[in-house]
Amino acid sequence: HVQLVESGGGSVQPGGSLRLSCVVSGDTRSRLCMAWFRQAPGNEREGVAAIRRYSGTTFYADSVKGRFTISQDNAKTTLYLQMDSLKPEDTAMYYCAAVTQSERCLTTAYDFWGQGTQVTVS
C-alpha cells in the first residue's frame with residue numbers, strides 16, 4: 001500500500017509560480033510511476049505530468065510543456081511539480097498518484113491517490 005500527501009497549493013496571479021510537493025510512503029515496489037493529475041470543476045481528471053520511478057523519464061501534457069517540471073528527490077520519497085508561467089486555465093485541484101504497473105504510466109488508471117491540493121490562478 002502507498003500513502004500520498006500533497007501540499008503547496010494556493011492562489012497566485014497569472015504568470016506566477018507554485019511548487020507542489022507530495023510526500024510518499026509505503027511499499028516502494030508499488031509505485032513504478034508517479035504522476036500529477038488535475039481536475040477543474042465540471043471537467044474530467046487529466047494527467048499533467050508523470051515520471052518513471054527508476055529511470056526518471058518524464059512525460060508532460062501538451063498544455064503544460066515548457067512551463068511545468070515534475071521531479072523526485074534522491075530518496076524518491078517526495079514528488080514535486082514546479083509550475084511556472086501559470087495561467088487561469090491551470091486552476092484546478094491537483095492530485096498526486098502512484099501506479100504499480102509501468103504500462104499504465106501514461107493512463108489515468110492509477111492505483112493510489114492523494115487528497116489533492118487546490119491551485120487557483122486569477
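Values below: every heavy atom of this structure, side chains too, minus hydrogens, waters and symmetry copies.
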Mind checking whether Val12 and Met83 sit in one hydrophobic cluster, side chains of I, L, V, M, F, W, Y counted as touching below 4.5 Å? yes
Tyr80 six-ring centre to Arg19 NZ/CZ under 6.0 Å and within 45° of normal: yes
Among the clusters formed by ILVMFWY side chains lying less than 4.5 Å apart, do Val23 and Ile70 turn up in the same one? no
Any donor-acceptor pair under 3.5 Å linking the side chain of Arg38 with the backbone of Ala92? no
Taking C-beta and beyond as the side chain, do Ser17 and Gln82 meet within less than 4.5 Å on heavy atoms? yes
Separation between OG of Ser21 and CG of Leu79, rounded to the nearest 0.5 Å: 8.5 Å
Over 12 non-hydrogen atoms of neighbours within 6.0 angstrom of CD in Glu44: no
Pairwise side-chain contact, Gln115 with Tyr95, heavy-atom cut-off 4.5 Å (strictly under): no
Can you tell if the side chain of Arg67 reaches within under 4.5 Å of the side chain of Asp90, non-hydrogen atoms only? yes
Quick check: Phe68 with Trp36 (ring centres under 6.0 Å apart)? no
Does atom CD (Gln13) have a neighbourhood of more than 12 heavy atoms from anything else shown, all under 6.0 Å? no
Kindly give the heavy-atom pair with the smallest separation between Gly47 and Ala61, and that separation in Å. O-CB, 3.5 Å
Under 3.5 Å donor-acceptor, Gln72 side chain and Arg53 backbone: yes
Using 0.5 Å steps for rounding, measure from the OG1 atom of Thr57 to the CZ atom of Arg52. 6.5 Å
Are the side chains of Met34 and Cys96 in contact, using a 4.5 Å heavy-atom criterion? yes
Could you go through the side-chain contact (heavy atoms from CB on, under 4.5 Å) check for Val119 and Leu20 one step at a time? CA-CA 9 Å; Val119 171; Leu20 306 184; 4.0 Å; yes
Show, in sequence, the C-alpha distance, side-chain angles and deciding distance for Asp62 and Lys65, and conclude whether the salt bridge (Lys or Arg N to Asp or Glu O under 4.0 Å) test is met. CA-CA 5 Å; Asp62 288 342; Lys65 277 181 184 177; 3.2 Å; yes
OG of Ser71 to CG of Leu81, rounded to nearest 0.5 Å, is 8.5 Å
For Thr120 and Gln118 the tightest heavy-atom approach is OG1-NE2, 3.5 Å
Determine whether Pro14 and Lys87 make a side-chain contact, defined as any pair of heavy atoms from C-beta on separated by less than 4.5 Å. no
Compute the ring centroids of Tyr110 and Phe37, then answer whether they are less than 6.0 Å apart. yes
What is the distance from atom OG1 of Thr117 to atom OH of Tyr94, rounded to the nearest 0.5 Å? 10.5 Å
Report yes or no: does Asp73 contribute a side-chain atom to a donor-acceptor pair with the main-chain N or O of Thr78 at less than 3.5 Å? yes
Which atom pair, heavy atoms only, marks the closest approach of Ala109 to Val99? O-CG2, 3.6 Å
Please answer: with hydrophobic residues joined when any side-chain heavy atoms are less than 4.5 Å apart, are Leu32 and Phe59 in the same cluster? no
Has Asn43 got a side-chain atom pairing as donor or acceptor with Ala40's backbone, closer than 3.5 angstrom? no
Okay, side chain of Glu6, backbone of Gly116: is any donor-acceptor separation there less than 3.5 Å? yes
